[in-house]
Colleague: 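Input: one structure, supplied below.
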Amino acid sequence: MSFFTDSSDLKRIGALIEAHAAPIYAARSVPFTQFAYVLTRPAPEPGGKPEGAALRPDWRAYPCSLVKVFHLFAAQLRLEGGQLSAHGELDRAMRDMILWSSNSATNYIIDLLTGTTGDTLLNDAEMDAWCERREEINRIFVGLGWPELAGINLNQKLMDDLRYGREKIALDRSHVGHNCLTPIAMARLMHEIFSDSALLPPARLAAIRDHLARDADHPERGRGIYQLLGYLGDALPRGTQIWSKAGRTRWLGDDRASFRRHDTLRAILPAGQEFRLTVFTQGEAIAEDESFLPAIGALVATELSRA
């Protein structure tokens, strides 16, 4: 069971997304199985389910920096529950983890959530205990009981290249390997953040939303690190309100994690139409293409504007 109900109109738009993307994949000899999306919009009636359409929503993929939205949500849950104490460095890390997609900020938050650090080597018993503590980040989300989160893994730190020491040993020991998300898991969390969730009070939800907000007129908007250029929000109509988190890898020395480009977006168009779109891609020729995701975001905006 999904958190959304099927929509014939969004399925029509989804078919247009696929018709746009499939020939590009084919021309670049990238398997189209390495493309997935979930497209939703708010429920037409208060209290109802969102409407949606999807392609390969259960694709288990290396998620790049999209996991950082999960770490932000987990930190707010633990702050609310009293397991984390608020302090300035945590505030700075939560901001930079999303705003600039800082891996260092993310890894600091993982340390706080799990009580693990990646320092000198440990003996076998100590390493077992370390790995068990690192699983706390997964336990937080298992505890939510959302069926859309089946198969995800969040217990690895974010790296710019290969891993060393405890992080390498933990990855090699893990039966699930690298971090992993599905498009439906990402879409489900975005739904929770942008609805009246009972899991967090309004002030904490507002803080998460504020971190995800993107300003199309931001002075750093032309830099990829701001995560509009080359992503779903890049070519939306002027005046669109945007909340998003993107992720991208180039070569990392590990084929299990290299050459991905993903984005998850909430947009409110100038005329008021709202949609949420999560897209996962894989393949060097797609990950290096700055125009691929913006064209999909623009296509959805154009079609919804016709309504």
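One is the number of the first residue; the rest follow in order along the sequence.
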Colleague: Quick one about S197 and E192 (side-chain donor to acceptor, distance below 3.5 Å, no hydrogens or angles considered), yes or no?
Modeller: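 Yes, S197 and E192 have a side-chain donor paired with an acceptor closer than 3.5 Å.
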
Colleague: Are side-chain heavy atoms of L99 and I225 found at a separation under 4.5 Å?
Modeller: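 In short, these two side chains do not touch, never coming nearer than 4.5 Å.
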
Colleague: Are side-chain heavy atoms of E136 and L113 found at a separation under 4.5 Å?
Modeller: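 No - every pair of side-chain heavy atoms lies 4.5 Å or more apart.
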
Colleague: For residues T249 and S258, is any side-chain donor paired with an opposing acceptor at under 3.5 Å?
Modeller: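 Checked: T249/S258 side chains show no N/O donor-acceptor pair below 3.5 Å.
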
Colleague: Less than 3.5 Å apart, any donor N or O on the side chain of S291 or D289 sitting next to an acceptor on the other?
Modeller: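 Checked: S291/D289 side chains pair up, N/O donor to acceptor below 3.5 Å.
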
Colleague: For the residue pair K68 / N103, report whether a side-chain donor-acceptor contact shorter than 3.5 Å exists.
Modeller: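 Looking only at side-chain atoms, K68 and N103 do form a donor-acceptor pair, the distance falling under 3.5 Å.
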
Colleague: Ring centres under 6.0 Å, that's the criterion: do F70 and F141 meet it?
Modeller: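 Distance test on ring centres: under 6.0 Å, yes.
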
Colleague: Is the positively charged end of R56 above the ring of F32, judged by distance under 6.0 angstrom from the centroid and angle within 45° of the axis?
Modeller: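 R56 over F32 ring: yes.
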
Colleague: Side chains of T114 and T116: any donor to acceptor distance under 3.5 Å?
Modeller: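 T116 vs T114: donor-acceptor pair found between side chains.
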
Colleague: Would one find more than 12 heavy atoms of other residues, nucleotides or ligands at under 6.0 Å from atom CG of D172?
Modeller: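 Correct, the count exceeds 12.
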
Colleague: Find the distance between CE (M94) and NE2 (H71) and round it off to the nearest 0.5 Å.
Modeller: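 If we round to the nearest 0.5 Å, M94:CE and H71:NE2 are 13.5 Å apart.
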
Colleague: Hey, does the Lys NZ or Arg CZ of R78 hover above the aromatic six-ring of F73, less than 6.0 Å from the centre and inside 45° of the axis?
Modeller: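 So R78 doesn't make the cation-pi contact.
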
Colleague: Which value, rounded to the nearest 0.5 Å, describes the distance between F259 atom CZ and Q282 atom CD?
Modeller: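 Going from CZ on F259 over to CD on Q282, the span is 11.0 Å.
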
Colleague: State whether a side-chain donor-acceptor pair under 3.5 Å links K245 with S101.
Modeller: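 The answer is yes; a qualifying pair exists.
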
Colleague: Going by atom types only, do N179 and Q156 share a side-chain donor-acceptor pair under 3.5 Å?
Modeller: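 No, Q156 and N179 have no side-chain donor paired with an acceptor closer than 3.5 Å.
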
